[in-house]
Amino acid sequence: MDDLIEYAPDLAAGFLVNVKIALVCAVISLVLGTVLVSFRVSPTPVLRAAGTVYVNVVRNTPLTLVLAFSALGLSDTIGLTFSDEPSTNGFWLVVLGLSAYTATFVGEALRSGINTVPLGQAEAARAIGLTFLQSLRLIILPQAFRAVVAPLGSVMIAMIKNTTVALAAGYLADSAFVMKDTFDDTGVSIPIFIGLVLAFMAVTLPVGFFTGWLSRRLAVVR
Amino acid sequence: MTEAGGSSPLVKLEAVNKHFGTLHVLRDIELSVARGEVVVVIGPSGGGKSTLCRVINRLETIDSGGITFDGQALPAEGKALAKLRSEVGMVFQSFNLFSHKTILENVTLGPIKVRGIARQQAEQRGLELLERVGIASQAAKYPAQLSGGQQQRVAIARALAMDPKMILFDEPTSALDPEMVQEVLDVMVGLASDGMTMLVVTHEMGFARRAADRVVFMADGQIVEESAPEEFFTQPKSDRARDFLSKILTH
């Protein structure tokens with residue numbers, strides 16, 4: 001218990017890094033996932049193929065490898081840098097990798113949502129003269145989103161926990177890193193371990209409850 | 001001003017063929033609809049009536065032949081196709097109102113997003129149209145809160161809101177409870193007498209008699225017979241039509 005109290009400030013700072021990554025990733029992966037699903041249902045075969053290949057490659061690659069590629073491949077080899085400050089650069093590389101990875105799950109959740117929207121909705125949209133993008137944006141996606149709020153909540157919870165893999169993208173003092181660092185000094189401390197678990201649950205449980213509540217509230221009545 | 005309101009047909013189908021897999025659903029269809037004309041398409045199920053309706057605004061593509069609307073060949077895709085569809089109203093068997101939008105939003109969406117009309121103006125016109133079909137008091141509700149007959153009348157108002165040159169009706173009363181059929185047919189009869197060009201796929205013989213200028217009888221993907229309603233119902237020319245009418249008119 002003393003360990004937890006002693007190292008609490010470091011751990012809290014580390015945890016804050018996880019929260020920051022999660023917030024930015026949530027926004028980017030939702031936007032990117034929506035773009036991806038638009039590709040996958042597009043009438044243009046090239047876009048459909050591009051969406052399918054992207055989803056199947058990235059979704060089936062272990063996250064550790066995606067992040068390692070982000071750091072070693074994109075940053076070190078190709079020279080993509082966001083900042084000269086290593087921790088800032090590391091932060092954005094993690095955000096990039098994790099968002100690219102999470103977007104595939106967002107896209108697939110949305111695609112299953114699109115499948116719940118009756119075909120007649122799209123036909124009616126086309127029949128009044130809406131273009132493909134307009135029908136998608138105004139009629140199909142709003143209904144698809146409402147159908148998959150709860151599954152998207154699960155995707156977001158997984159993403160929040162996945163922020164602890166940030167270490168794979170290079171130097172970034174997130175909570176998992178701080179914990180491991182601390183254990184090197186103190187030996188394994190159960191209180192620290194439990195403290196971090198509780199911290200994550202304090203964030204992820206409300207996300208689950210909120211999206212569950214929201215999905216009932218937003219459900220489209222047919 | 002070469003042919004506006006002139007005698008050229010609004011819609012013309014020439015030698016149209018369409019297959020669903022091995023099923024030849026439209027066979028050498030020749031049909032034209034004049035401006036202001038009300039054409040009722042009847043015939044046994046699976047005879048290609050709905051498909052005929054749906055190829056006119058290209059919800060279904062055709063395999064061969066040609067379709068012109070207002071003198072122009074139907075565009076294949078993109079903005080031109082969207083523009084054509086905005087000029088051809090469509091009323092579906094299953095209403096297909098946008099479930100996540102209110103009744104008023106259903107009626108104003110097209111004018112605002114497709115025509116670029118200001119929201120306030122679109123809402124005013126939308127309410128007028130809802131008034132015309134007798135649903136103005138329900139404007140703030142969602143489709144699922146309305147009866148089938150009310151939903152179908154909203155669907156008609158939604159089509160009218162685009163000021164279409166023509167409205168296609170694909171079995172508009174087939175999904176309705178019997179007591180709601182009349183309220184929808186009344187609206188349609190009103191439209192017909194106001195001079196709207198209409199192509200109506202239906203099983204409502206009463207409507208055909210009251211409102212149609214012409215009856216087209218379709219079976220097995222072909223137009224078997226075309227004639228004035230009274231003539232069709234009293235003196236059908238083909239055996240196929242006689243057989244069909246004997247089955248539906250005896251009770």
Side-chain angles (χ1 to χ4, degrees), chain A residues 30 34 37-49 109-152 211 213-222, chain B residues 50 53-54 56-60 75-101 105-116 141-146 151 154-155 157-164 166-170 175:
Chain A
L30 283 171
T34 309
V37 80
S38 309
F39 276 33
R40 293 209 75 182
V41 298
S42 150
T44 315
V46 177
L47 292 182
R48 269 206 308 278
L110 275 176
R111 198 158 69 95
S112 73
I114 287 179
N115 290 336
T116 70
V117 181
L119 186 61
Q121 296 283 308
E123 288 192 343
R126 280 189 281 160
I128 59 170
L130 295 177
T131 61
F132 169 75
L133 275 180
Q134 282 180 316
S135 351
L136 197 63
R137 188 164 56 83
L138 299 168
I139 306 299
I140 309 299
L141 281 178
Q143 295 187 51
F145 259 112
R146 290 165 187 230
V148 296
V149 171
L152 279 179
T211 51
W213 171 80
L214 199 63
S215 76
R216 283 189 297 280
R217 207 182 126 79
L218 291 181
V220 176
V221 186
R222 299 199 186 281
Chain B
S50 286
C53 200
R54 292 163 58 88
I56 294 175
N57 68 353
R58 221 179 144 83
L59 282 181
E60 301 284 355
E77 56 182 24
K79 287 223 160 32
L81 179 58
K83 180 169 185 304
L84 166 99
R85 285 174 174 155
S86 73
E87 292 176 349
V88 183
M90 177 123 190
V91 175
F92 299 88
Q93 180 176 353
S94 48
F95 330 134
N96 295 349
L97 294 181
F98 305 130
S99 316
H100 64 307
K101 302 247 177 221
E105 285 167 348
N106 263 275
V107 178
T108 55
L109 184 79
I112 293 170
K113 298 293 179 183
V114 178
R115 296 261 190 268
K141 290 190 181 170
Y142 284 87
Q145 296 171 285
L146 268 56
Q151 288 191 52
V154 174
R158 177 174 68 180
L160 286 174
M162 299 302 290
D163 288 319
M166 174 184 196
I167 303 184
L168 306 167
F169 292 84
D170 185 5

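Below, chain A is the first sequence line, B the second, and so on; all start at residue 1.
Residues A/Ala124 and B/Phe92 come closest through the heavy atom pair CA-CE1, 3.7 Å. Residues A/Ile128 and B/Val114 come closest through the heavy atom pair O-CG2, 3.7 Å.
For chain A, no part of B/Val91 is nearby; none of its heavy atoms comes within less than 4.5 Å. With a 4.5 angstrom heavy-atom cutoff, B/Leu84 does not touch chain A via any of its atoms. Heavy atoms of A/Ala122 lying under 4.5 Å from chain B are absent altogether. Heavy-atom distances place both the backbone and the side chain of A/Val221 under 4.5 Å from chain B. Neither the backbone nor the side chain of A/Leu218 comes within contact range of chain B; no heavy atoms are under 4.5 Å apart.
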Put together the list of donor-acceptor pairs under 3.5 Å connecting chain A with chain B, please.
residue: A/Gly120; atom: O; partner: B/Asn96; partner atom: ND2; Å: 3.3
residue: A/Gln121; atom: OE1; partner: B/Ser99; partner atom: N; Å: 3.4
residue: A/Gln121; atom: NE2; partner: B/Leu97; partner atom: O; Å: 2.7
residue: A/Gln121; atom: NE2; partner: B/Ser99; partner atom: OG; Å: 3.4
residue: A/Glu123; atom: OE1; partner: B/Arg54; partner atom: NH1; Å: 2.9
residue: A/Glu123; atom: OE2; partner: B/Arg54; partner atom: NH1; Å: 3.3
residue: A/Glu123; atom: OE2; partner: B/Arg54; partner atom: NH2; Å: 2.5
residue: A/Gln134; atom: NE2; partner: B/Lys113; partner atom: O; Å: 3.1
residue: A/Leu138; atom: O; partner: B/His100; partner atom: NE2; Å: 2.9
residue: A/Gln143; atom: NE2; partner: B/His100; partner atom: ND1; Å: 3.1
residue: A/Arg222; atom: NH1; partner: B/Ser99; partner atom: OG; Å: 2.9

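Under the side chain to side chain contact (heavy atoms under 4.5 Å, CB included) criterion, A/Arg40 pairs with A/Thr52, A/Val55, A/Glu108, A/Arg111, sequence neighbours left out.
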